[in-house]
Amino acid sequence: MSVPAIHLYDTRRRAVVPFEPLVEGKAGIYTCGPTVYAPQTLGNMRSQFTPDVLRRLLIAAGYEVTFVTNITDVGHLVSDADEGDDKMEKSARAQGISAADVAAHWTEQWATDRRRLGMLEPDVRPAASEHIAEQIAMVQALEAQGRTYLIDDGVYFDVSTFPAYADFAHLNLDELEATGRVETAGKRHPADFALWKLSPPDSTRLQEWDSPWGVGFPGWHIECSAMATKYLGERFDIHTGGVDHIRVHHTNEVAQSECSLDVHPWVSIWVHTEFLDLKGRKISKSAGDVLVVDTLVEEGIDPLAFRYFLFQAHYRSQQEFSIEGVRSAGTALRRIVHHAVAARDAVDGAVNQDDPARTQPYRDEFWGHLADDLNTPRALAVVATVARDAQLSAADRWSLLADFDQVLGFGLADATDPEAADDSAADPRIAALLAERTAARAAKDWAEADRIRDVLAAEGLEIVDTPDGPVARRRT
RNA sequence: GGUGGCGUGGCCGAGUGGCUGAGGCAACGGCCUGCAAAGCCGUCCACGCGGGUUCGAUUCCCGCCGCCACCUCCA
């Protein structure tokens, strides 16, 4: 086994700690998924990327991994502090369609984007709206423990009943209290959060369910606790999400879960992904101008170039986004794939004919960096070296790259050489132009040959002269 | 204002108390080419400012300046 002991930074303990599974040989991961009322931005996708890498690493290390990521299709209010409109309701009303249609649309968009970015399919993808009973049950358990109180607005978690509340995010509750923000009337402490919200007496919501406390809908935080518990058990190994969730959402998840389940720690390791810095384009989702996977596609960029781009920075560092940055990542990726395909085809895909004396050091390096809190930039540096190291035979090279692709997820086994011709030459007119140019070159009529090259260039096609003659391909 | 973090070469971005100063992109030179393109080889370039600790700091400590994130919608 090439993968050494895996270490990860745990937000709760604020330290890099060894990964020690609750059950030998198995690993359970829960990732906060999308609130499906709007497109998922490239920033959102970064926080999905980290668990994908982690999951692939664990699989490569031999663990049987269960990866759960939820769909928030109800209850996520405009404010994480349980105020304002429900995001789903707002979006549905604005478009005059049902909340379910809104959810279905954006869930599909998200799933497609995940695939385009080379992410493995989730093992379980539970929707909050389909787990109302589990959520109610968890609230009831908390109620039975006397940790809740009912006000006009709904059922709230009483933070004062959980002394460890502030520990997770190292909060200063006194300070929180002192901010004096306008809060929901009746809340006893600013940090108290909704477990079940009651529908307003004078109106009907698009999404509402009956409950022991009246018709309403679950608070946003309870869904993750309920679904993670259902699919991963009362305690599980790894919970991931964006750093913005540490203070409120994950703090609340810990509170309600550790109380209702009477466990500690509920989650062994919390992995939080830093933000992608979108600079001037970090515009709120509601404003419309958002950076999504389609934005890249419109720019003629392969979504996998973005995957490569994400590998270049550590997940705990803010990463500066720019289209040019993704483009340069695309160039680097193209060269890697070019070498990988050449090596693969030279040995007909064989991965067991390498010389361990040459390949093992690289394997140790690559997996060692990933096992060291997912140091993907370092791992990627190994990939770049392997792709070009002249000391390696094709068998060595392909054996290594095929191994690394378990985590890279570039689909190297099925990739086509990006430097090879595409189907442009299938167009008879283009094929004729190429033939004309070949004839002109044979006659040493360079002016004519260059003219034809310019004609094709104007159409976005580039000519690559290979030993087997010229080929045309769409410039990327 | 509170809390956390950052400031590395043209750009992105790792990492480290000294050793051989990641990697990618770009640029430049070379090979290849009719010339190019693509590809390959090579070169180049660094640690915000001022103190301190140390035999030695980009790496630790203090101050300053600048930037970012969260606290308020966001992953």
Side-chain angles (χ1 to χ4, degrees), chain A residues 14 31-35 38 40-51 76-81 83-85 87 90 169-172 175-176 178-179 181-182 190 240-249 272-279 282-287 290 308-309 311-322 324-336 338-339 342 365 369 372 375-385 387-388 390 417-420 440-442 444-447 449-450 453-454 456-457 462-467 470-471 473 475:
Chain A
R14 300 207 169 177
T31 294
C32 286
T35 298
Q40 292 294 292
T41 67
L42 293 178
N44 296 137
M45 297 317 282
R46 189 186 187 196
S47 72
Q48 289 276 310
F49 169 77
T50 302
H76 194 168
L77 303 190
V78 168
S79 158
D80 280 0
E83 293 155 33
D85 290 336
K87 291 176 175 179
K90 196 176 168 186
H170 295 209
L171 300 175
N172 182 337
E175 210 169 74
L176 202 59
T179 61
R181 285 181 47 227
V182 177
T240 86
V243 288
D244 56 317
H245 279 162
I246 297 171
R247 282 177 157 266
V248 177
H249 185 49
H272 287 102
T273 304
E274 256 296 351
F275 271 49
L276 194 61
D277 182 0
L278 302 174
K279 282 188 172 171
K282 184 177 176 289
I283 296 166
S284 70
K285 287 182 178 178
S286 53
V290 291
Y308 188 98
F309 176 79
F311 270 111
Q312 289 183 309
H314 188 88
Y315 77 94
R316 284 196 285 125
S317 295
Q318 287 173 27
Q319 181 176 20
E320 194 143 333
F321 176 87
S322 70
E324 307 79 67
V326 180
R327 277 226 168 77
S328 69
T331 301
L333 172 61
R334 208 152 52 232
R335 289 174 181 158
I336 298 282
H338 170 66
H339 283 97
E365 256 194 274
H369 287 310
D372 176 19
N375 192 333
T376 56
R378 279 283 177 180
L380 202 56
V382 176
V383 174
T385 306
R388 288 169 192 158
D417 186 351
E419 308 305 339
R441 293 182 70 208
K444 297 197 187 301
D445 183 353
W446 309 129
D450 291 349
R453 187 165 65 198
D454 291 342
L456 290 173
E462 64 186 355
I463 293 177
V464 179
D465 288 316
T466 73
V471 299
R473 64 166 186 243
R475 186 176 288 135

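Letters A, B, ... mirror the listed sequences (proteins, then strands); counts begin at 1. All heavy atoms count here, side chains included; hydrogens, waters and symmetry mates do not. Predicted model, so just to flag it, every value in this text is computed and none were measured.
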- Look at the side chain of A/Ala332 and decide which nucleotide, out of B/G24, B/G34, B/A75, has an atom nearest to it. B/G24
- Closest of B/C71, B/G39, B/A75 to the A/His339 side chain is B/G39
With a cut-off of less than 4.0 Å, is there a side-chain N or O of [X] near OP1 or OP2 of [N]?
| X | N | value |
| --- | --- | --- |
| A/Arg388 | B/G24 | yes |
| A/His369 | B/G23 | no |
| A/Arg334 | B/C25 | no |

Distance between the [atom1] atoms of [N] and [M], in whole angstroms?
| N | M | atom1 | value |
| --- | --- | --- | --- |
| B/C47 | B/U8 | P | 11 Å |
| B/C49 | B/G39 | C1' | 44 Å |
| B/A27 | B/C19 | P | 31 Å |
| B/C68 | B/G13 | P | 14 Å |
| B/C44 | B/G1 | P | 46 Å |
| B/U43 | B/C62 | C1' | 41 Å |
| B/A57 | B/G52 | C1' | 11 Å |
| B/A37 | B/G18 | P | 42 Å |

Measure the distance from [atom1] on [X] to [atom2] on [N] and round it to the nearest whole Å.
| X | N | atom1 | atom2 | result |
| --- | --- | --- | --- | --- |
| A/Phe311 | B/A22 | CZ | C1' | 17 Å |
| A/Met45 | B/A75 | CE | P | 12 Å |
| A/His249 | B/C71 | NE2 | P | 14 Å |
| A/Leu456 | B/A37 | CG | C1' | 13 Å |
| A/Arg441 | B/A37 | CZ | C1' | 11 Å |
| A/Asp277 | B/G5 | CG | C1' | 13 Å |
| A/Trp446 | B/A36 | CH2 | C1' | 12 Å |
| A/Asn44 | B/A75 | CG | P | 5 Å |

- Report which part of the nucleic acid A/Gly43 touches: base, sugar-phosphate, or nothing (heavy-atom distance under 4.0 Å, all strands). base
- Sequence neighbours excluded, which residues qualify as salt bridge (charged side-chain N to carboxylate O under 4.0 Å, His left out) partners of A/Arg46? none
Using nucleotides 13-20 of chain B, report all nitrogen or oxygen pairs with the protein that are shorter than 3.5 Å.
{"residue": "B/G13", "atom": "OP1", "partner": "A/Glu320", "partner atom": "N", "Å": "2.7"}
{"residue": "B/G13", "atom": "O2'", "partner": "A/Gln312", "partner atom": "O", "Å": "3.3"}
{"residue": "B/A14", "atom": "OP1", "partner": "A/His314", "partner atom": "N", "Å": "2.8"}
{"residue": "B/A14", "atom": "OP1", "partner": "A/Ser317", "partner atom": "OG", "Å": "3.0"}
{"residue": "B/A14", "atom": "O2'", "partner": "A/Arg378", "partner atom": "NE", "Å": "3.3"}
{"residue": "B/A14", "atom": "N3", "partner": "A/Arg378", "partner atom": "NH2", "Å": "3.2"}
{"residue": "B/G15", "atom": "O4'", "partner": "A/Arg378", "partner atom": "NH2", "Å": "3.4"}

- Message: With hydrogens left out and only the distance checked, is there a donor-acceptor pair under 3.5 Å joining A/Arg453's side chain and the base of B/C35?
- Response: yes
Under the side-chain contact (heavy atoms from CB on, under 4.5 Å) rule, collect the residues that match up with [X], sequence neighbours excluded.
| X | value |
| --- | --- |
| A/Asp445 | A/Ala440, A/Ala447, A/Glu448 |
| A/His272 | A/Thr11, A/Phe168, A/Val243, A/Ile246, A/His250, A/Trp270 |
| A/Asn375 | A/His369, A/Pro377, A/Arg378 |
| A/Arg388 | A/Arg335, A/His339 |

- Note on the structure: With both pairing distances under 3.5 angstrom for Watson-Crick or G-U wobble, and | for a partner in another strand, the correct string for RNA chain B is (((((((..(((.....[....))).(((((.......)))))....(((((..]....))))))))))))....
- Please test A/His314 against A/Thr376 for side-chain contact (heavy atoms from CB on, under 4.5 Å), starting from the C-alpha separation and ending with a verdict. CA-CA 6 Å; A/His314 188 88; A/Thr376 56; 5.6 Å; no
According to side chain to side chain donor-acceptor pair (under 3.5 Å), who are the partners of [X], at least two apart in sequence or on a separate chain?
| X | value |
| --- | --- |
| A/Thr273 | A/Thr50 |
| A/Tyr315 | A/Asp373 |
| A/Thr240 | A/Thr31 |

- Message: Quick check: on RNA chain B, is the nucleotide nearest A/Arg335 upstream (toward 5') of the one nearest A/Asp450, or the reverse? Name the residue that is more 5'.
- Response: A/Arg335
- Task: Would you kindly compare A/Ala449 and A/Ala384 by the position of their nearest RNA chain B nucleotide and give the one closer to the 5′ end?
- Result: A/Ala384
- Taking only residues two or more places apart in sequence, or in another chain, which ones meet A/Phe311 in a ring-ring contact (aromatic ring centres under 6.0 Å, His included)? A/Phe49, A/Phe410
Minimal non-hydrogen separation, [X] against [Y], with atom names:
| X | Y | answer |
| --- | --- | --- |
| A/Gly241 | A/Ser47 | C-CB, 4.4 Å |
| A/Leu456 | A/Ile463 | CD1-CD1, 3.6 Å |
| A/Ala387 | A/Ile336 | CB-CD1, 4.0 Å |

Mind listing the N/O atom pairs, protein and nucleotides 7-9 of chain B, below 3.5 Å?
none

- Checking A/Gln319 side chain against A/Phe309 main chain: does a donor-acceptor pair fall under 3.5 Å? yes
- Message: Is A/Phe275 stacked against the base of B/A69, taking the criterion as centroid distance under 5.5 angstrom and interplanar angle under 30°?
- Response: no
